[in-house]
Amino acid sequence: MPSYYGLELRLTEGDYHAFTMVVLRGWANTRLGVDLTEQVPEKAQALASDGSALPLTESVGSLREKLRMRQGAYTLDVLWPAEALPAVKSARGRTAPGPPARSKLRKLHPSARYCYVDRRVMGWGSSSTHKAKIAAGTYADTRGHYPEAELALAMRTPPAFDEDVELEDRQLAALDDANAVLFHARLRGPKHEVLNWEATCKRCERNIRERKPDKKASQLPYPVFIPSCGRAEKAHLNWRASHVFGPQETTPLGLRPVVCLVIEPEEEEDYRAAWPLSLMLILPEGHRGPGYARWVVQRLCTSSCIVGHEASDGSQRRLQRIWIVDDTLTMFYRLALMEKFVSCGRLRRPKRMKHRVANGLMFQEALLAVQRHHFIGRAAVAGFLRDDGTAVCKRNDWKLDELALYKVVLLDLRELWRLNVEYTPQLQMYEDICLNHDVLSKGGRTLKCQCYGFRAVHAKKGGCLQQRNGRERSGQTRLKDLVKKSEFAKMNKDRQKVVKELLQWVRDKELLFRKRTEEPKKNAPTPPSPERTADNEADEQEVAVGDMTPGTPVEVDDSEASASEAEDLEMFADESSPPVLWPR
């Protein structure tokens, strides 16, 4: 093993004003995933064109005479000590001890829509200085400049077409490790979309068989699968919009991005009527939940074959990596460093360090940024930062081994197969978090992009609405809210352990919420009772007698249920009102 890790660093205009040590720290964060707050190792060096070491305490601009010029930009060579590199994964077929996934799970906040927690009481996703920042003009240059209502409308509007659409079908059989058929699913869409999918599968299968890197990965997004349920007219499914992938009619087959909707068999007619030009994967069974839909996609893309068609040649259809994306995404933003910002320590209040940039095909730019990252070959799951308003305060552009990856995830199917990790088909909620937790528990790695952030809406209908409304208002999440008891009994011990840890994580947050809501009630002084007068007694009797009828049950106010209902009402914003563009 070499004692140093070397790479050429191409400098930008902004690097000329920074010290060499700052440039090295930024390079280590981007290329190696090292925290920006960590010190540069003593043995790390920046080399000039003649191989001599450059001083780390001088600005790069003052050292231009010693730097090499290549392709119109100054470059320098970086030597990084091997002992300071992140740990590598073990050999194929063996898993190395991973980071403590359970501790990361406890630090993560579950969605308040899926548990009995009021995020306002807990302070999740809130800022105590938001109003003060608006009054001070902090967001004057960005607030309202990106109308997300127009972006959402563009993704809800199907592409226009002039002639009848010729549809084709492919019957797919998912295969296990012994090439036995697990289930059948149907792929249906316009002829050119089906042929583009077949050309993409053949290219990926050829690269896997010949063990060659995918040269198109830096130019073409991996296939995108979008599970959708109950939102045929409201889902954000137009990935040909001008800020997503753009029109692809003139692009040759096999070089177009594959975008496939994943729908339930009962809703095929509704989605086909609303989106006639879309490629669709019809699930084998309906009403199984989001975990089942993602499991089907993972199994089909890991290994499948075409049956019952002239295109069936008995060969496997395997994809190396795929994107699984929610149907509520609105926009991606690039998070660029501000020219002037006040740095702060790790333990101080976060400061705004970045600003949002949006121009061009932002979806494609964000996905390709993750696919081009040097660590993507070691990450089983990769994803993005959700822009809830605090994204501009993030110091690091990239982070490793994070659990908070959901709504937009890149799956390395070969790495997940090696780790023996897959989606839990019986799980009704938290399917992405459960997958990430299982990956880290088995020694896998994850990659989170924080130089791009996405925005998504909370829809009133569809998705996990059935799972949310099916819960009992008991104030505590139960096992049957996550998995049916009969299905849980059929799981192996390892899978049951993961589900139990997930349930305990949610219950711990709900217990903390109950403690915070009960303490103020205990410490609050008892208000003095008003004097009882004849008028007051008459009013009380009139109300009691006028409202009560024989047989009317007495209603008892459940504070926990009310808090959960209020949370759901708040999350489902009125579509007639303008969206909040730049919260917190």
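The figures here come from the full heavy-atom set of this structure, side chains too, leaving out hydrogens, waters and symmetry mates.
Using a 4.0 Å cut-off between charged side-chain N and carboxylate O, R356 and D387 make a salt bridge. Looking at K509 and D118, no side-chain N of the basic residue comes within less than 4.0 Å of a carboxylate O on the acidic one, giving no salt bridge. Salt bridge status for R495 with D438: present, with a side-chain N to carboxylate O gap under 4.0 Å. Under a 4.0 Å N-O distance rule, the pair R231/E233 does not qualify as a salt bridge. Residues E415 and R445 are not paired through a salt bridge, judged by the lack of any N-O separation under 4.0 Å between the basic side chain and the carboxylate. A salt bridge is absent between E205 and R317: the closest approach of a Lys/Arg side-chain nitrogen to an acidic carboxylate oxygen does not fall below 4.0 angstrom.
Ring to ring, W505 and Y430 are close: their centroids are under 6.0 angstrom apart. For W239 and F363, the gap between ring centers is short of 6.0 Å.
Residues forming a side chain to side chain donor-acceptor pair (under 3.5 Å) with Y292 (at least two apart in sequence, or on another chain): none. Every residue meeting the side-chain contact (heavy atoms from CB on, under 4.5 Å) condition with I208, not counting sequence neighbours, appears here in chain and number order: R318, Q320.
A donor and an acceptor atom, one from each side chain of D177 and W417, are located under 3.5 Å apart. With no hydrogens or angles considered, no side-chain donor-acceptor pair links T446 and E402 at under 3.5 Å.
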side-chain hydrogen bond (donor to acceptor under 3.5 Å, both in side chains) for D432 and Y423? Distances and angles first, verdict last. CA-CA 8 Å; D432 286 327; Y423 278 103; 2.7 Å; yes
